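Remarks on the structure that follows.
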Amino acid sequence: MTVSAIVIVPAGLAPADFTAPIAGEPALVRAVRAVRDVAPASVVVADELADAATECLAVHDLSDVPVITAPNGQLWHDTGENACDTWPLGVGDGVLLHDVRYPLAPADLAVRVAAGLADHDVVLPVLPMTDSVKSIAAHDIVLGNVDRSELVTAQYPRAFSAAALARLPRTDALAALTSAGLRVGTVEGDPNAFAVDLAQDRRLLEAIVTAG
């Protein structure tokens, strides 16, 4: 199976958000290194962030990682065409998709997710929901607790087969992908693979990395 890895740097981030060190390594570098042992990695960014991403990778001996620009840093657009024709780079049998806003996701998580493509078209790393979830009505009236036994938190990186990618411009709803005959599966996530605000959570991230 031919799989490529892509790290997304979404539009709206400031260059310092993903290039400033977190206990020695920027978020972009951490995200790339988490997936590049699984598959050849590329970085997709909005035009205005390309120079900062390229320089950051070069400083950390990752100049061999291509930086590809796309409008607003989005990988595809709803053009009514096949996603594989609208992507900024080619697609093999599947893609391991990572997000720079999950900078502490470990490399072994990427391995588990990519391995799931052998049996599924979409693979998500998940953890059980531990936070209390409330149901509310109009005017913010709390109706009660939501049963968490069937709820999970989805993380990155995620994996998609070429067949799944072909349908994503039309919908990103997993239920719709399942009804289309695509196999959606999950693997065990990781406590450190959580989304962060890169501008606000740097001290928290550094504390977690330092604590080991």
Side-chain angles (χ1 to χ4, degrees), residues 1 3-10 13 18 22 27-28 30-39 41 44 73-76 83 91 93-136 144-198 200-201 204-205 207-209 211-212:
M1 176 178 291
V3 178
S4 58
I6 299 172
V7 175
I8 303 171
V9 180
L13 293 180
F18 60 89
I22 300 170
L28 178 59
R30 291 179 178 277
V32 168
R33 287 183 172 158
V35 298
R36 74 183 314 228
D37 287 342
V38 176
V44 173
Q74 295 179 353
L75 289 175
W76 53 73
V91 173
D93 297 318
V95 169
L96 182 64
L97 187 62
H98 202 8
D99 189 315
V100 75
R101 293 170 295 184
Y102 293 71
L104 300 189
D108 61 342
L109 179 57
V111 172
R112 289 201 298 277
V113 173
L117 276 180
D119 300 308
H120 298 91
D121 293 296
V122 181
V123 184
L124 305 176
V126 299
L127 286 179
M129 175 71 72
T130 57
D131 293 334
S132 177
V133 182
K134 304 292 184 182
S135 174
I136 30 179
N145 291 324
V146 175
D147 181 7
R148 294 176 297 183
S149 62
E150 297 183 353
L151 299 178
V152 294
T153 56
Q155 303 177 317
Y156 276 88
R158 303 173 181 181
F160 300 87
S161 70
L165 292 173
R167 296 181 180 273
L168 283 176
R170 297 165 179 80
T171 178
D172 60 1
L174 296 182
L177 293 176
T178 302
S179 64
L182 298 175
R183 301 160 300 170
V184 179
T186 63
V187 297
E188 182 182 357
D190 188 277
N192 285 334
F194 55 90
V196 301
D197 183 328
L198 291 172
Q200 302 294 327
D201 296 336
L204 169 63
L205 295 172
I208 292 173
V209 174

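Just so we're clear, the structure is a prediction, and the values are computed from it rather than from any experiment.
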Q. How would you list, by chain and number, every residue that makes a side-chain hydrogen bond (donor to acceptor under 3.5 Å, both in side chains) with R33, sequence neighbours excluded?
A.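 E25.
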Q) Who are the side-chain hydrogen bond (donor to acceptor under 3.5 Å, both in side chains) partners of R36, not counting sequence neighbours? A)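 Residues passing side-chain hydrogen bond (donor to acceptor under 3.5 Å, both in side chains) with R36: D64.
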Residues that [X] engages under side-chain contact (heavy atoms from CB on, under 4.5 Å), provided they are two or more places apart:
X    : result
N192 : L104, D190, F194, I208
A110 : V35, V38, L96, P157
D99  : P10, R101, Y102, Y156
D197 : A199, Q200, D201

Mind checking whether [X] and [Y] have side chains closer than 4.5 Å, heavy atoms only?
X    : Y    : value
V152 : L124 : no
V3   : L117 : yes
V196 : L205 : yes
P125 : E188 : no

Indicate the atoms forming the closest heavy-atom contact of [X] with [Y], along with that distance.
X    : Y    : value
L198 : A27  : CD2-CB, 3.8 Å
V184 : H120 : C-CD2, 3.8 Å
Q155 : A193 : NE2-O, 3.0 Å
I8   : L97  : CD1-CD1, 3.4 Å

**Q.** Gap separating the CZ atom of R158 from the CG atom of L109, nearest 0.5 angstrom
**A.**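 R158 CZ to L109 CG: 11.0 Å, rounded to 0.5 Å.
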Q: Could I get the full list of ring-ring contact (aromatic ring centres under 6.0 Å, His included) partners for F18, not counting sequence neighbours?
A: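 Testing F18 for ring-ring contact (aromatic ring centres under 6.0 Å, His included), a comparison that skips the adjacent residues, returns none.
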Q: Determine which pairs satisfy salt bridge (Lys or Arg N to Asp or Glu O under 4.0 Å) with at least one residue from residues 117-128, sequence neighbours left out, and list them in order.
A: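 Every salt bridge (Lys or Arg N to Asp or Glu O under 4.0 Å) pair that includes a residue of residues 117-128, provided the two are not neighbours, is D121-R183.
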Q.
If the condition is salt bridge (charged side-chain N to carboxylate O under 4.0 Å, His left out), which residues does D108 pass it with, not counting sequence neighbours?
A.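 For D108, the residues satisfying salt bridge (charged side-chain N to carboxylate O under 4.0 Å, His left out) (neighbours in sequence not counted) are R112.
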